Every structure is written in structure tokens, then in C-alpha cells.
Amino acid sequence: MTTTLRDTIAAAFRAAIDRAAADLDWPAEARDAAIEVERPGDPAHGDLASSVALRLAKPLRKPPLAIAEAIRDRFPASEVVATVEVASPGFVNVRLDPRWVVRQADAITSAGADFGRTKALAGQRIQVEYISANPTGPMTVANARGGPMGDVLANVLAFMGAEVTREFYLNDRNTQIDVLGRSVALRYRELHGEKVEIPADGYPLEYVIDIAQRIRDHEGDRYIGMSLDEQARAFAPKAVDIVAHEWLPRAAERFGMHFDVWTRESTFMDSGYVGDTIKELRARDAIEDRDSAVWLKSKELGEDIESVVIRSDPGHTPTYLGIDIAYHRHCLVERGFDRKVDIWGANTHGHMRRMRTALTALGLIDRWDVVIYQYVKFMHEGVLAKMGKRTGRILLLEDVIDAVGVDVARWFFLQSSPDRTLDFDFELAVRQSSENPAYYVQYAHARIASIFRTAADRGLTTASADTSILTSPGDAVVVKALLRFPELVQDVMERRAPHLLTGYALELAGMFHAYYKDHRVVGDDPALSRARLRLVEAVQVTLKQVLGLLGISAPETM
RNA sequence: GCCCCCAUAGCUCAGCGGAUAGAGCGACGGCCUCCGAAGCCGUAGACGGGCGUUCGAUUCGCCCUGGGGGUACCA
């Protein structure tokens, strides 16, 4: 299925308008008009409708009803469309032929795992970078929000034919890592009997003690004679290894996310590629030297501030921005990705703008997408609070997975728009997990599996099912909902809105549950039973597709 | 100050400029001699305020109010 129903109907409108324009001498605007096809809320208004006649009224200087009628009269005949009606003040309402509709259940089941799949992005290599938390501690719910979003977007890109690489970028050498090293050193000393105090800007949480304990278990007291600075320098990379090699990947895998590539920021600092990138920016007149630092001329290039890319310190170390520009260039120029998609938290908004400036200067901007998602707040001692590893207020992702399971946890993150702040009430999540919408959807899938078990007991299968005998209005209603799935895939991509999939899944499940109530699937009439089995099979296929993209399991039993 | 995001039912959230704004939880009332009641049906309940654009605004623009984020030679 590469053409959506929406596109098919839009093409029919296009043809009708072009014909009307030729017949009636309409001006050029008629041919240029964008045709938007929508699903009316009221079934009385048909299955699909367009307001194109209302939009054309002004440029054509004709009454919308007259335009609508002209379109209606020239609407191409097809097996898909039953009737075309005009409604005041100028809508053109299309009703699908129910015989065609129910037949699509056959097409959906035979497409199976390919239902909704397209080749729209075939041949494109796309990198999706998400989470990319500082490796200064275990994965928190705040870090994790971008996870399911990036994961689902990556799934959808792959579903549209792209060759996708899922990447986790580790900021493994910076001042925060130094702070972590120092905190570990203090805990290490504490384990050896010294009385210590974690400074306000240190990492106060227990996991730091775990790291110190690990070091002590493996290497004993061999560091005890060193200065704090020496210890901090020695421990920082060890701490990063534990976090980056063990904790973060474990949390990611448990959350159903597999990263193809883990890239370390330090490899760029050491490779000379940053210097090379700065040279390129300089050649493009996007760099200036001032106060012995190197600046991106972002202000001159349209931003409200300028930013340092190479510090004025003795080592002339690059800033996070400088390295990240190099990293993006490396991905797009050296590694050969056609696109890079970044899923970033709201706090990177300023960074995003400077990156945009830099990538524009480098001529790479058209190949970069960034999705910014808003913060996660959580209930801490009765109030909504912002998480922070340094403030000691965190909620671990794995604790949430332990409490509610991975499917419910993923659903929770995927149900709301990236533009909205997420308030996470752990107690509430646990209390409501047994009533979670995820189960509502999974239950529909399992219920269909159960119907098939019952059918098998009675020797019924979908073999030689004849869906043309499905003539109750309820049959077509369900299949029409299924036909929206390929459109949803497009919408998720275009709007970068994974949460549309959870909404659709809910709608689909609700539609099935209602159908189930009113339509006996396995009944006395074998032909009808076979046909309805085929229909619910199509529902199951579609639910499985949606849940698959969401990374949520589709159980046979619950 | 400037920039970005948000404000929809008691709570948590959907809603592509369209024709009667939807779910879930919570409240109330119904439905299992029949394919899974983790379900179904019904009742009550909402677009923060103002101005504008438009044939039509919850949706777009501006202003106000209230939240959140950013505005580092941190990441």
C-alpha cells in the first residue's frame, strides 16, 4: 500500500477541478489550489470531504455552491466512491462504496506486516540521535522522555523505507564529568574512613557511592595517597565507563530501545576534526577571533547572541557547541548520512539556534531536523519538581519500568505531544497502571487472538473468506478506520508527532470493542463467520502494526 | 528585557482553519445462560481573557494573564 485513501480522493478532486477549469474557463488559481481532504466528524457528511470549493470562491469570484456542484458533476467515477454530494455552504462530501471498503480487509491481511509500509524514503540514510544524556549517572525519567519519541520516529522512518541508524551521543569529557570524578573521589575517601562533605555543585546521590565502591572492590586502596585532583582525574573515566557501558545501555535495552551506535564526544576532541571544522567555518566567514577565544559570528548571521566555539584557556579546548558542530558535520559529510534527526530537550533551545546558524554557514541546514520536547517534571515530596542529578532529585527510569512494566511506561511517554511539559506522578502512574490505556489497546489485540482460538476449535479459518457478504454498516465503519493507518504514518513523520499513534491505537481499539459487542464473529453461519474473521484479522494486523511502531507488545493473551 | 513551549471536563491528556470539541481516570446509573466484563451502553462535566484575519477560529496573528524552559569561554 503506497497510496493512501486520502491521496486517492485528493487526486480525484484534482481531476474534477481540472476538468471543471477546462470546461468553465476557470482561471489558473483553480489548478493551483491546495486540496485538503478531511474526515468529517458527522457521518451524515460522508466519509471524506473537502472545503476546496469554499477556498476557491474568492479567486474564482463565484458562489462556493456553484463551484462545489461543478466539481461534483465532474468527479471521476471509480469503484472507490459511491456518491458525491454538495452541502451548504460549499462542502463536497464523498461517500465510499461500502463494497470496496470491506474488500480492503482482504488487502490489509494479505499485506500483513507490510500494511502501511512505503518506499517514500527508500535509499535515504538517516541518523536519529536521541536521549544523549550526560553520562553522569543512571537514566532518569527526565532523560528518558526523548527515548520513546526518537525510537518511534526511527521506527516510522524505517517503515517509510529509510535506512536508519539510532545513535546515542555521549558527552563523556567535560566539566560535568570532572565534577562527577571529584564526587566519586570524595566517596572513595569516605569508604576509607575519611569524613567528607559533598559540595553544593557535586553529585550527592547514592549511585556515586556505588561507583566508588566498585573502584574500591577492584583496585583497593591504591589511590588513597593521591591528591583529590589526581583522584578525580583517575576516577572520572572509570565512572563514565560504568555509566556509559553498563547503566545507560541497560536502561535503554530494558526500555525497548536498541542503539546501533554509541558515539563519544571525546573522539572528536582528539581527532582534529573540530579544528578542521572551524577552518571550514572560517573559510565561510562565520568565525571571528576575539579575547583569545574563537567565536561563531552568530549575531552577524541573524541570532541575538554570539557564542564561543574554542575557549581562551591555555589548551584552547573546544566548547560543547564547537564539538557538536564538528560532530554534525562529521555525520553529514564524512559518515554519509543524508539526514540527521536530533531529539532534544527544551533546555537545548539556545544551543539549537546556534547549531542552526553554524549548519547554515556550512551549507548543511537542509539535512538537519531537530525535535524539541518540553521538560519532564515529577512529584517530589508532594510538589511538582524539576529533576536534577546535582540537586539530588531524580526518578530513575528503571524504577518506573519495575513498577509499571515497559509497555505502560512507553505508553506514558508516547501519549502526549512533545510540545507539552510532562508531569510524572509516580504514585499515580503505579495506581493507574492497571487501568492504563495501553492495556485497552493490547486487550483488543488479545481478544481477537482469542476469537481465532475459538474459531480454530470449531474448524473455522479465513480461507476462502468472502468479504463481499459483509453488508452491515458496522463492518465498513471498522475497515474505514483501518484505512487511516497509512495516512497516520505520513502524519507522524510530517508533524514529527509520535503521540498521534497512541491516539489512533486507542480509537482503533475502541472501534473494535464496540464492533465485537454488536457483531457475532464466530456464529452459526460459516460463510459469515469466515468473512467476519477476515475483518477482525485485518483489525489485528493493523493493531499489531501500530503497536509495533510504538514498540509496545501485541500479546495473544493477557 | 528578549526568545521558545504550554493553558481544553474535577484530574491526566487528544483534537489536520471547517459543519454537534473527544478519550482515559474519577462520579452516578445500567449490561455477562452466547466468540475474553482488562469490555460495552448511558448521565453530569471544558476551549484562561481581549482584539483581529476569515464565509467559518479551540486551531492562524497581536496584546493581556498564568505556568515552564532558554538567554554561559555548563552541557
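Note that the coordinates shown come from a computational prediction; the quantities given were computed from them, not determined experimentally. Here is the naming used below: chain letters follow the sequence lines, and residue numbers restart at 1 for every chain.
Every salt bridge (Lys or Arg N to Asp or Glu O under 4.0 Å) that A/D47 has, sequence neighbours left out, goes to A/K480.
Looking at heavy-atom distances under 4.0 Å, A/D423 makes contact with sugar-phosphate atoms alone, never a base. A/S450 comes within contact range of at least one nucleobase, with a heavy-atom separation under 4.0 Å.
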For every nucleotide of nucleotides 52-71 of chain B, 5' to 3': is a protein heavy atom under 4.0 Å from its base (B), only from its sugar-phosphate (S), or from neither (-)? ---B------------BBSS

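No donor-acceptor pair closer than 3.5 Å links the side chain of A/R390 to the backbone N or O of A/D201. The backbone N or O of A/Q374 sits less than 3.5 Å from a side-chain atom of A/R145, completing a donor-acceptor pair. Side-chain atoms of A/T454 come within 3.5 Å of backbone N or O of A/S450 as a donor-acceptor pair. Not a single donor-acceptor pair under 3.5 Å links the side chain of A/H330 to the backbone N or O of A/A326.
Mapping A/S292 and A/S50 onto RNA chain B by nearest heavy atom places A/S50 closer to the 5' end of the strand. Toward the 5′ end of RNA chain B lies the nearest nucleotide of A/G503, the other residue of the pair A/G503 and A/H519 mapping further downstream.
For B/C35, the OP1/OP2 oxygens have no side-chain nitrogen or oxygen of A/R532 closer than 4.0 Å. In terms of phosphate contacts, A/T454 brings a side-chain nitrogen or oxygen within less than 4.0 Å of OP1 or OP2 of B/G36. The phosphate of B/A14 (OP1 or OP2) has a side-chain N or O of A/R420 nearer than 4.0 angstrom. Within the structure, every side-chain polar atom (N or O) of A/R353 is placed at least 4.0 Å from both OP1 and OP2 of B/C2.
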Check nucleotides 25-33 of chain B for protein N or O atoms closer than 3.5 Å to its own N or O atoms and list the pairs.
| residue | atom | partner | partner atom | Å |
| --- | --- | --- | --- | --- |
| B/C25 | O2' | A/Q432 | NE2 | 3.2 |

Please list, for nucleotides 20-22 of chain B, all pairs of protein and nucleotide N/O atoms separated by less than 3.5 Å.
| residue | atom | partner | partner atom | Å |
| --- | --- | --- | --- | --- |
| B/U20 | O4 | A/D42 | OD2 | 2.9 |

Write out a two-atom table: protein N or O, nucleotide N or O from nucleotides 42-45 of chain B, distance below 3.5 Å.
none

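Salt bridge status for A/E167 with A/K340: absent, with no side-chain N to carboxylate O gap under 4.0 Å.
Between the side-chain ring of A/Y443 and the base of B/G39, no stacking contact exists by the 5.5 Å and 30° definition. Using a 5.5 Å limit on the distance between ring centres and a 30° limit on the angle between planes, the aromatic ring of A/Y516 counts as stacked on the six-membered base ring of B/C35.
Separating the CG atom of A/L65 from the P atom of B/A19 is a distance of 17 Å, rounded to the nearest angstrom.
Side-chain atoms of A/D419 stay outside donor-acceptor range of the base of B/A7, with no qualifying N/O pair under 3.5 Å.
When distances are taken from the side chain of A/A514 to each of B/A23, B/C41, B/C73, the shortest belongs to B/C41. Nearest to the side chain of A/S417, among B/A14, B/A75, B/C73, sits B/A14. The side chain of A/E38 lies closest to B/G18 when the candidates are B/A75, B/G18, B/C35.
Put simply, the side chain of A/I17 reaches to within 4.5 Å of the side chain of A/I35, judged on heavy atoms.
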Would you give me the side-chain donor-acceptor pairs under 3.5 Å for residues 51-61 of chain A, sequence neighbours excluded?
| residue | atom | partner | partner atom | Å |
| --- | --- | --- | --- | --- |
| A/S51 | OG | A/R55 | NE | 3.3 |
| A/S51 | OG | A/R55 | NH2 | 2.9 |

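Annotation: B/G45 and B/A23 have their P atoms spaced 15 Å apart (nearest Å).
No close placement of the A/H349 and A/W344 rings is indicated, their centers lying 6.0 Å or farther apart.
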